[in-house]
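In what follows, residues are counted from 1 in the order of the sequence shown.
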Amino acid sequence: MSLALRKSEPAFPFGVGIKQVIGAKTRRESINTSIQLILTTRKGSIVYNPNFGSHVPTLVFETISDPVINMLYYYAEHDLEQDPRIKVT
């Protein structure tokens, strides 16, 4: 599984850089933040957007085995489709 970034609009939101200067995040930083938010938010935990998030957090305390790893790949691939800038291949 690999991630390909789609070219589109400028990065948003704003972030704080190494020198603590507020400025626009780069496109890559914005997408990395989006991936982190999607994969660490439990699906259904956002009241007005119950489809946002991932099933990955439900696997945190599971014993690592081949079926769990396959579910992790499946959930990550399926849940990252929420952001149109991300293409999982």
query = Do Ser30 side-chain atoms and Thr26 backbone N/O form a donor-acceptor pair below 3.5 Å?
reply = no
ask   = Roughly how far, to the nearest 0.5 Å, is NZ of Lys87 from CD of Glu77?
value = 11.5 Å
Name each donor-acceptor pair under 3.5 Å that joins a side chain in residues 46-67 to protein atoms two or more places apart or in another chain, with its distance.
{"from": "Ser54", "atom 1": "OG", "to": "Val56", "atom 2": "N", "distance (Å)": "2.9"}
{"from": "Ser54", "atom 1": "OG", "to": "Asp79", "atom 2": "OD2", "distance (Å)": "2.7"}
{"from": "Thr58", "atom 1": "OG1", "to": "His55", "atom 2": "O", "distance (Å)": "2.4"}

key: Candidate list Ile38, Ile35, Leu37, test side chain to side chain contact (heavy atoms under 4.5 Å, CB included), partner Asp83, passing option   = Ile38
